[in-house]
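In what follows, a single structure is set out as structure tokens and then discussed.
Hydrogens, waters and symmetry mates play no part in the numbers below; they use all other heavy atoms, side chains included. Predicted model, so just to flag it, every value in this text is computed and none were measured.
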Amino acid sequence: MNKSNDGPLPPPEHKVAFVRQLFTDVAERYDLMNRIMALGRDQSWRRYAVSQLGLDPSPGGQHANSPLQVLDVASGTGDLALEVLRQQPLAKVTGVDLVPDMLLVAQAKGSRAGAHLPLTAGDALRLPFPDMNFDGVVTGFALRNVADIPAAFAEMARVTRPGARVACLEFARPQLPVFRQLFHLYFYYIVPVIGLLLTGSRTAYTYLPHSLTAFLTPDQIVDVMQNTGWQEVRYRRLMMGTVAVHVGVRVAA
């Protein structure tokens, strides 16, 4: 796919089509690129994010008679959804993503793991689920790819039961001065070359760092969440500040 004439970031009105095509192009090599780009640490970030949902696994807990319902928004190749099942084997995890080709990879991974993983093609801004349907929501590396971040958090709040949590994993700009410069060199110049070699798409991994340039800070994400139905919002930076996990509790009805 050719880069937009205006640079690596598409205009808002073209973002959905741009993102759908971009991830379609890299779906088969997406996991490999993630492992390499994150220096093998991305799965540990997912483990931490899922652990922050506070899901009740006890036999006598409030969900003793029915499985926990967890939604993975922008599920992609299913890593977060499968991590939920590793931590809570009795949960029912539903994945939704804009890109059918990514869901096909997730479906194959779920089959190999012997996991039942319902998957649905859909937009994070118009989730195809009823109100107050889920006991927890996770999302990873998705917010930079949506056209309206407040709308995405509001939709996640709509489909989540009061008192349940959301855990959101995203890239962040590091704050340490020297490391910030090294990260810039790696993310903006080395990652696109690796992406081209591994996936054949330089566009995807040129878009990735530039999407972070224009992205909200972790503190700004807190403000958005608090204004869209979430309370007790907090975050923790990981990997020397290059990623952040935000956690919020759905406001009671």
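Between the Trp230 side chain and the Phe153 main chain, a donor and an acceptor come within less than 3.5 Å of each other. The main-chain N or O of Gln175 is found under 3.5 Å from a side-chain atom of Arg180 such that the two form a donor-acceptor pair. Within the 3.5 Å criterion, the main-chain N or O of Val193 finds no donor-acceptor partner in the side chain of Arg202. Between the side chain of Arg165 and the main chain of Gln52, a donor-acceptor pair closer than 3.5 Å is present. Without hydrogens or angle criteria, Asp135 side chain to Val70 main chain gives no donor-acceptor distance under 3.5 Å. Of the possible polar contacts, none joining the Thr199 side chain to the Leu196 backbone as a donor-acceptor pair under 3.5 Å is found. Formation of a donor-acceptor pair under 3.5 Å by the His246 side chain with backbone atoms of Val233 is not found in this model. For the pair Arg236 (side chain) and Tyr48 (backbone), a donor-acceptor distance under 3.5 Å is absent.
Aromatic ring centroids of His14 and Phe18 lie 6.0 Å or more apart.
When the shell of 6.0 Å around CZ of Arg234 is examined, it contains more than 12 heavy atoms from other residues, nucleotides or ligands. For Tyr189, the OH atom counts as loosely surrounded, since its 6.0 Å shell holds 12 or fewer non-hydrogen atoms of other residues, nucleotides or ligands. Heavy-atom contacts from other residues, nucleotides or ligands closer than 6.0 Å to CD of Glu28 number 12 or fewer.
Separating the CD1 atom in Ile194 from the OH atom in Tyr186 is a distance of 4.5 Å, to the nearest 0.5 Å. With rounding to the nearest 0.5 angstrom, the CG atom of Asp123 is 10.0 Å from the CG atom of Asp97. Summarising the geometry, atom NZ belonging to Lys15 is positioned 10.0 Å from atom CG belonging to Asp148; distances are rounded to the nearest 0.5 Å. Between atom CZ of residue Phe187 and atom CE of residue Met37 there is a gap of 6.0 Å, rounded to the nearest 0.5 Å. Atom-to-atom distance recorded for Glu170:CD and Ile149:CD1 is 8.0 Å, nearest 0.5 angstrom. If you take CD on Gln43 and CG on Asp79, they are separated by 4.5 Å, rounding to the nearest 0.5 Å.
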Task: Trace of the side chain to side chain contact (heavy atoms under 4.5 Å, CB included) decision for Asp72 with Val84 - done: CA-CA 9 Å; Asp72 181 11; Val84 173; over 6 Å; no

- [ ] Begin with the C-alpha distance, continue with both residues' side-chain angles, and end with the deciding distance and a verdict on side chain to side chain contact (heavy atoms under 4.5 Å, CB included) for Arg46 and Phe141.
- [x] CA-CA 10 Å; Arg46 291 183 179 90; Phe141 306 116; 3.9 Å; yes

Open item on the list: Is there a side chain to side chain contact (heavy atoms under 4.5 Å, CB included) between Ser211 and Leu9? Walk through the geometry before answering.
Closed with: CA-CA 7 Å; Ser211 69; Leu9 297 182; 4.2 Å; yes

- [ ] Let me see the working for Cys168 and Leu143 under side chain to side chain contact (heavy atoms under 4.5 Å, CB included), right down to the final yes or no.
- [x] CA-CA 9 Å; Cys168 172; Leu143 294 181; 3.5 Å; yes

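The minimum heavy-atom distance between Leu103 and Leu119, with the atom names listed, is O-CD1, 3.5 Å. The two residues Pro100 and Leu98 come nearest to each other via the heavy atoms CD-O, 3.4 Å. The two residues Ala74 and Thr139 come nearest to each other via the heavy atoms CB-OG1, 4.4 Å. Nearest heavy atoms, Arg173 versus Leu212: NH1-O, 2.6 Å. Contact between His210 and Pro8 at its shortest, heavy atoms only, is CG-CG, 3.4 Å. Leu71 approaches Val73 most closely through the heavy-atom pair CD2-CG2, 3.6 Å.
Side chains of Asp31 and Thr77: a donor on one and an acceptor on the other come within 3.5 Å. At a cut-off of 3.5 Å, with distance as the only test, no side-chain donor of Asp101 or Tyr30 sits close to an acceptor on the other residue.
Inter-residue side-chain proximity for Gln87 and Arg47 is flagged as met; some heavy-atom pair is nearer than 4.5 Å. The side-chain heavy atoms of Leu117 and Gln107, taken from C-beta on, include no pair separated by under 4.5 Å. You'll find the side chain of Asp219 reaches within 4.5 Å of the side chain of Tyr235, heavy atoms only. Proximity of Leu208 to Arg144: side-chain heavy atoms (C-beta onward) are separated by under 4.5 Å at one or more points. A 4.5 Å side-chain heavy-atom check between Gln21 and Asp25 finds at least one atom pair inside the cut-off. Side-chain contact between Phe134 and Phe129: present, with at least one pair of heavy atoms (C-beta onward) separated by less than 4.5 Å. In this structure the side chain of Asn145 reaches within 4.5 angstrom of the side chain of Phe23, judged on heavy atoms. The side-chain heavy atoms of Ile36 and Leu198, taken from C-beta on, include a pair separated by under 4.5 Å.
Follow the hydrophobic side-chain contacts under 4.5 Å out from Phe215 and you reach Leu22 in the same cluster. Val105 is not connected to Met102 by any chain of hydrophobic side-chain contacts under 4.5 Å among Ile, Leu, Val, Met, Phe, Trp and Tyr, and they are in different clusters. Note on Val178 and Tyr188: separate hydrophobic clusters, where clusters join Ile, Leu, Val, Met, Phe, Trp and Tyr whose side-chain heavy atoms are under 4.5 Å apart, directly or indirectly. Hydrophobic cluster membership is shared by Leu32 and Trp45, with clusters built from Ile, Leu, Val, Met, Phe, Trp and Tyr side chains linked at under 4.5 angstrom. Under the 4.5 Å side-chain heavy-atom criterion for ILVMFWY residues, no single connected hydrophobic cluster contains both Met132 and Val137.
The salt bridge (charged side-chain N to carboxylate O under 4.0 Å, His left out) search around Lys92 returns none, not counting sequence neighbours.
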